[in-house]
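The next block holds one structure in the form of structure tokens; read it before the comments.
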Amino acid sequence: MKILISENELHQAVKKAGTWINENYQGQPVLLVSILNGAFIFLADVCREITIPCEIAFMSVKSYYDQTESSGNVQIIMDLQQDIKNYHVIIIEDIIDSGRTLYEITHMLKARNPLSLKILTLLDKKARREVDLNADLSLFNIPDLFVVGYGMDYSEKYRNLPYIAELDFSESFC
Ligand code: IMP
Ligand code: MG
């Protein structure tokens with residue numbers, strides 16, 4: 001498997017994300033909302049770079065796939081437990097591809113009137129976007145490849161890789 005982003009590059013990028021949050025949200029009530037499962041490692045690393053008070057919450061959604069592509073049909077499997085209207089919400093996402101998943105989620109969360117809502121994504125496949133959805137901070141723009149590792153899967157495998165690799169479908173064990 002070809003490594004696309006090394007552990008060291010990930011570490012540097014995560015620090016940058018932590019600094020962005022620390023500098024922009026000083027003195028504000030912050031809620032980091034992580035979309036399971038893909039963002040779990042990114043969230044765990046980013047939150048340890050945050051030096052201001054913040055809270056953490058999880059949502060789980062199911063995006064319907066046609067092979068490796070999102071169909072845009074998003075169903076909530078596990079919703080947030082808290083009322084978000086007194087929080088500056090930051091969605092922590094692993095990767096934005098078509099943008100359909102976050103498009104649905106941001107519309108849903110905005111309707112709950114948070115103090116603000118921003119998106120922090122580790123990876124962004126901008127060329128693949130199908131809806132009007134942009135992250136406030138994207139750490140890496142990547143080409144149209146299917147990637148795994150650092151939380152991201154193919155058929156639930158490879159999430160545990162400490163780096164991000166391009167999946168070679170001919171080598172994959174699924
Ligand atoms: P979107 O709705 O097309 O933007 O898809 C977003 C979700 O699809 C991400 O949160 C990932 O869970 C998954 N996804 C998109 N591209 C990849 C990839 O290259 N590798 C692994 N998961 C991906
Ligand atoms: Mg995801």
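We count residues from 1, following the sequence as given. Computed from a predicted model, the values in this text were never measured in an experiment. When reading the values below, keep in mind they use all heavy atoms of this one structure, side chains included, and skip hydrogens, waters and symmetry mates.
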Work out which heavy atom in [X] is nearest to a heavy atom in [Y]; give both atom names and the distance.
X      : Y      : value
Leu139 : Ala17  : CD1-CB, 4.0 Å
Ile96  : Ile119 : CD1-CG2, 4.2 Å
Tyr163 : Ile5   : CB-O, 3.4 Å
Pro162 : Leu10  : O-CD1, 3.5 Å
Met1   : Ala165 : SD-CB, 3.7 Å
Pro114 : Lys110 : CD-O, 3.8 Å

I would like to know whether Arg159 and Asp94 meet salt bridge (Lys or Arg N to Asp or Glu O under 4.0 Å); could you show each step before the answer? CA-CA 11 Å; Arg159 293 192 194 277; Asp94 49 354; 5.7 Å; no
What distance do [X] atom [atom1] and [Y] atom [atom2] have between them, rounded to the nearest 0.5 Å?
X      : Y      : atom1 : atom2 : value
Thr101 : Leu133 : OG1   : CG    : 9.0 Å
Leu43  : Phe58  : CG    : CZ    : 5.0 Å
Lys16  : Leu120 : NZ    : CG    : 10.0 Å
Ile21  : Lys118 : CD1   : NZ    : 11.0 Å
Leu145 : Lys2   : CG    : NZ    : 7.5 Å
Asp97  : Arg129 : CG    : CZ    : 8.0 Å

Would you say Leu117 ends up clustered with Ile76 if hydrophobic residues are merged whenever their side chains have heavy atoms under 4.5 Å apart, either directly or through other cluster members? yes
Are Leu115 and Ile91 linked, directly or through intermediate hydrophobic residues, by side-chain heavy-atom contacts shorter than 4.5 Å (ILVMFWY only)?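 Different clusters: Ile91 never reaches Leu115 through Ile, Leu, Val, Met, Phe, Trp or Tyr contacts under 4.5 Å.
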Out of the candidates [options], only one should pair with [X] under the side-chain contact (heavy atoms from CB on, under 4.5 Å) rule; please name it.
X      : options                      : result
Met152 : Leu123, Ile41, Leu161, Asn37 : Leu123
Val61  : Leu36, Ile105, Ile77         : Ile105
Tyr158 : Asp153, Val147, Leu167       : Leu167

Under the side chain to side chain contact (heavy atoms under 4.5 Å, CB included) criterion, do Asp136 and Trp20 qualify, and how do the steps go? CA-CA 10 Å; Asp136 296 281; Trp20 180 74; 4.0 Å; yes
Please identify each residue that fulfils side-chain hydrogen bond (donor to acceptor under 3.5 Å, both in side chains) with [X], with sequence neighbours left out.
X      : value
Ser138 : Asp124
Asn141 : Lys126
Lys85  : Asp83
Asn86  : none

Before giving the answer on side chain to side chain contact (heavy atoms under 4.5 Å, CB included), spell out for Val74 and Met108 the whole-Å C-alpha distance, their side-chain angles and the decisive distance to 0.1 Å. CA-CA 11 Å; Val74 177; Met108 209 166 56; over 6 Å; no
Check: Tyr150 and Val14 side chains under 4.5 Å, non-hydrogen atoms: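 Val14 reaches Tyr150 side chain to side chain.
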Step by step, would you call Leu122 with Ile164 a side chain to side chain contact (heavy atoms under 4.5 Å, CB included)? CA-CA 11 Å; Leu122 177 64; Ile164 291 174; 3.8 Å; yes
Scan the side chains in residues 25-33 for donor-acceptor partners under 3.5 Å anywhere in the protein, sequence neighbours excluded, and list what turns up.
| unit_1 | atom_1 | unit_2 | atom_2 | d |
| --- | --- | --- | --- | --- |
| Gln28 | OE1 | His88 | NE2 | 3.3 |

May I have all residue pairs that pass side-chain hydrogen bond (donor to acceptor under 3.5 Å, both in side chains) and include part of residues 4-13, sequence neighbours excluded? Ser6-Glu9
Using ring centroids (six-membered ring only for Trp), state whether Phe169 and Tyr154 fall under 6.0 Å.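 Between Tyr154 and Phe169, the centre distance is under 6.0 Å.
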